[in-house]
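To start, the structure itself, in structure tokens.
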Amino acid sequence: MIESEGGKRLSAEDQKLTSPLHFSVEAEQGVARAGRLHTRHGVIETPTFMPVGTLGAVKGLGPLDLEDLGASIMLANLYHLSLRPGIDRIEQLGGLHRFVGWRRPLITDSGGYQVFSLSGLRKIDDGGVTFRSVHDGSMMRFTPESVVESQQRLGVDIAMMLDECPPWPVEHGPALAALERTNRWAEMAAEAWSRLEEPAGGLFGIVQGSFYADLRERALEALVPLGFAGYAIGGVSVGEAKGLGRDVVRQVAPELPRDKPRYLMGLGTPSDLAYAVRHGIDLFDCVLPSRNARHGALFTSRGVIRIKNSRFQTDDSPLDPECSCSTCRSVSRAFLHHLFRTGEYSGKVLATRHNVSFYLDFVGQLREALKSGCLDVKVSDLLRHYSSTTR
RNA sequence: GGAGGCGUGGCCGAGUGGUCAAAGGCAGCAGACUGUAAAUCUGCCGGGUUAAUCCCUACGGUGGUUCAAAUCCAUCCGCCUCCA
């Protein structure tokens, strides 16, 4: 069944885990689709890019900045927020939306990525993960149930299940063990979710399985029957060779329930995004636009510009002539270069605004193209200055 | 006038006989970054060459001592501190 019907095996009635979310597909082109995801904090037009605000804000931007850029949902991180300022504090201050001043939908990652990125600071067992704090060495326990509960207390619109995100490369044996654990955690999370009286958002399941097709298949078999409000593809963007994540996307995305939002975690470059949209992904997040902005690598319609390079010293042109963000409307490449050279933080802020704007606009254009049935033309137009696998 | 100290590569600054083209930092040149322990990290950074290498020029100037000097001696130039 998994392999045959191209993602049509479940309908809306099959949603077993209750949530206020409602997703509808508005337009389709092959497996690619544009849709609308209704939440208690507004509607998200998909496909869309979700800027990463780990600690409650995209580094360098305030909540209204992000609204102005057109972001319809922001991603924060449960692990980092649990550490500082703590879930109790946020709850006491009125929940995450109120605390960070963001009125639109919020999604939190569960800490599963920190299983990977902080692998030296955690111990994993069948019941969950124990992290040792970098800040004071204290221990913090994350379980599939506690993660559901914490995200509910934060009041987020999309909660992610706790998963084990294995590194790359990993042998089939350990990858299988990690997957079985993640699949069990999915059941535990679903069970915990079903006990919530009034869920603030929806719970997303995470398809793991590293870079093994049979394991991905296994993940689908385990997760889809649980009836999550949405499905994510995890376990990519963990240092693998360029382009490997695409194979996973191509295999998994079309197999996910058609009537649920599909979220590709952690990818990627503009061409990764375009690839994923074409294969039916609705939601993305990636640190690349914000981090690269701070590091001086700027995405433009003409390719990536490393603004610190000496050749921009006297370049009076706008960063991206085809971009209408406030950075491109107001300053030259030469000035941005100067700000980066001198370490002035407004350079990073201006760069972050532009990069996040570029990503939102990029996916927005794909969305509009999809609605008018010219996705492929749009993709090749947008990527004319980007190589196929790297940027 | 007296006493003492200092001068090192674009800058700051280690080094006080060979293992020194000379630590480290900054600046400079380039690169990386993918569910953010990242305003971070990596490489190059006197000149010429090579696969590794090797050669040249260099630690204020000049002249010595020595197999060998950024390092020791003499002298000159410049700068600084304290006392009068």
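The sequence lines fix the lettering, A, B, ..., with proteins before strands; numbering per chain opens at 1.
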According to the salt bridge (charged side-chain N to carboxylate O under 4.0 Å, His left out) rule, which pairs have a member within residues 332-359 of chain A, sequence neighbours left out?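 Qualifying pairs, neighbours excluded: A:D65-A:R353, A:D315-A:R333.
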Would you mind classifying the nucleic acid contact of A:D285 as base, sugar-phosphate or nothing, using non-hydrogen atoms under 4.0 angstrom?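 Result for A:D285 = sugar-phosphate.
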Quick one: label A:G235 by what it contacts on the DNA or RNA (base, sugar-phosphate, nothing), any heavy atom closer than 4.0 Å.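 Counting heavy atoms under 4.0 Å across all strands, the contact made by A:G235 includes a base.
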Judged by each residue's nearest nucleotide on RNA chain B, which is more toward the 5′ side, A:A297 or A:H80?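 Result of the comparison: A:A297.
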By nearest heavy atom, map A:Y345 and A:G239 onto RNA chain B; which one lands nearer the 5' end?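 Whichever sits nearer the 5' end wins; that is A:G239.
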Between [atom2] of [N] and [atom1] of [X], the distance in whole Å:
X      : N      : atom1 : atom2 : value
A:L298 : B:rA39 : CG    : C1'   : 14 Å
A:E344 : B:rA39 : CD    : C1'   : 12 Å
A:F49  : B:rU36 : CZ    : P     : 11 Å
A:N292 : B:rC41 : CG    : P     : 16 Å
A:Y79  : B:rU36 : OH    : P     : 12 Å
A:L288 : B:rU40 : CG    : P     : 18 Å
A:R294 : B:rA38 : CZ    : C1'   : 7 Å
A:L267 : B:rC33 : CG    : P     : 13 Å

Any idea how A:F131 and A:F142 line up, ring-wise: parallel (<30°), tilted (30 to 60°), or perpendicular (>60°)?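 It falls in the perpendicular class, over 60°.
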Please work out which of the three classes, parallel, tilted or perpendicular, describes the rings of A:Y386 and A:F358, given edges at 30° and 60°.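 Judged by the thresholds at 30° and 60°, the geometry between A:F358 and A:Y386 is tilted.
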Counting Watson-Crick and G-U wobble pairs only, both distances under 3.5 Å, name the nucleotide matched with [N], or none.
N      : result
B:rA52 : none
B:rA30 : B:rU42
B:rA21 : none
B:rC82 : B:rG2
B:rC59 : none
B:rA70 : none

Given the [atom1] atoms of [N] and [M], what is the spacing between them in whole Å?
N      : M      : atom1 : value
B:rG5  : B:rC59 : P     : 23 Å
B:rC33 : B:rA38 : C1'   : 9 Å
B:rC12 : B:rG18 : P     : 26 Å
B:rU62 : B:rG47 : C1'   : 25 Å
B:rC76 : B:rU81 : C1'   : 22 Å
B:rA68 : B:rU16 : C1'   : 16 Å
B:rG9  : B:rG60 : C1'   : 14 Å
B:rA58 : B:rA22 : C1'   : 10 Å

Side chain to side chain, A:R302 and A:P321, heavy atoms closer than 4.5 Å: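 A:R302 reaches A:P321 side chain to side chain.
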Can you list, in residue-number order, the parts of [range] that come under 4.0 Å of RNA chain B, counting heavy atoms only?
range                       : answer
residues 204-214 of chain A : A:I206, A:Q208
residues 102-129 of chain A : A:D109, A:Y113, A:Q114, A:S117, A:L118, A:L121
residues 144-179 of chain A : A:D163, A:C165

Got a sec, which residues hit salt bridge (charged side-chain N to carboxylate O under 4.0 Å, His left out) with [X], two or more places apart in sequence or on another chain?
X      : value
A:D136 : none
A:R132 : none
A:R89  : none
A:R291 : none

Do A:R246 and A:S271 meet the criterion of a side-chain donor-acceptor pair at a distance under 3.5 Å?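 On atom types as modelled, these side chains qualify, holding a pair under 3.5 Å.
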With distance as the sole criterion, is a donor-acceptor pair present between the side chains of A:E187 and A:N183 under 3.5 Å?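 Note: A:E187 and A:N183 side chains miss the donor-acceptor criterion.
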Under 4.5 Å side-chain heavy-atom separation, chaining through any Ile, Leu, Val, Met, Phe, Trp or Tyr, what else clusters with A:F312? Say none if it is isolated.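 Answer for A:F312: A:L298, A:I305, A:I307, A:L319, A:V331, A:F335, A:L336, A:L339, A:F340, A:L350.
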Apply salt bridge (charged side-chain N to carboxylate O under 4.0 Å, His left out) to A:D88 and A:R153, showing your working. CA-CA 8 Å; A:D88 290 345; A:R153 286 168 66 200; 2.3 Å; yes
Who are the side-chain contact (heavy atoms from CB on, under 4.5 Å) partners of A:A27, not counting sequence neighbours?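 A:A27: side-chain contact (heavy atoms from CB on, under 4.5 Å) contacts with A:A34, A:K371.
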Only counting residues at least two apart or in another chain, list the ones meeting side-chain contact (heavy atoms from CB on, under 4.5 Å) with A:A192.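 Checked A:A192 against side-chain contact (heavy atoms from CB on, under 4.5 Å); matches are A:E145, A:V148, A:R195.
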Side chain of A:K242 only, please: which of B:rU36, B:rG31, B:rC33 is the nearest?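 From the listed options, B:rC33 comes nearest.
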Between A:Q151 and A:M160 (side chain of the first, backbone of the second, donor and acceptor by atom type, cut-off under 3.5 Å), is there such a pair?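 Yes; at least one donor-acceptor contact below 3.5 Å.
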Can you give me the N/O atom pairs linking the protein to nucleotides 27-29 of chain B at distances under 3.5 Å, or say none if there are none?
| from | atom 1 | to | atom 2 | distance (Å) |
| --- | --- | --- | --- | --- |
| B:rG28 | OP1 | A:R341 | NH1 | 3.4 |
| B:rC29 | OP1 | A:R341 | NH2 | 3.1 |
| B:rC29 | OP2 | A:R341 | NH1 | 3.2 |
| B:rC29 | OP2 | A:R341 | NH2 | 2.4 |

Any side-chain N or O of A:R306 under 4.0 Å from OP1/OP2 of B:rG31?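 Checking B:rG31 against A:R306, a side-chain N or O does come within under 4.0 Å of OP1 or OP2.
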A:F362 ring center within less than 6.0 Å of A:Y359 ring center: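 Centroid separation for A:Y359 and A:F362: 6.0 Å or greater.
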Should A:H295 be counted as stacked on B:rU40, where stacking needs a ring-centre gap under 5.5 Å and an angle between planes under 30 degrees?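 It does: the ring sits over the base of B:rU40.
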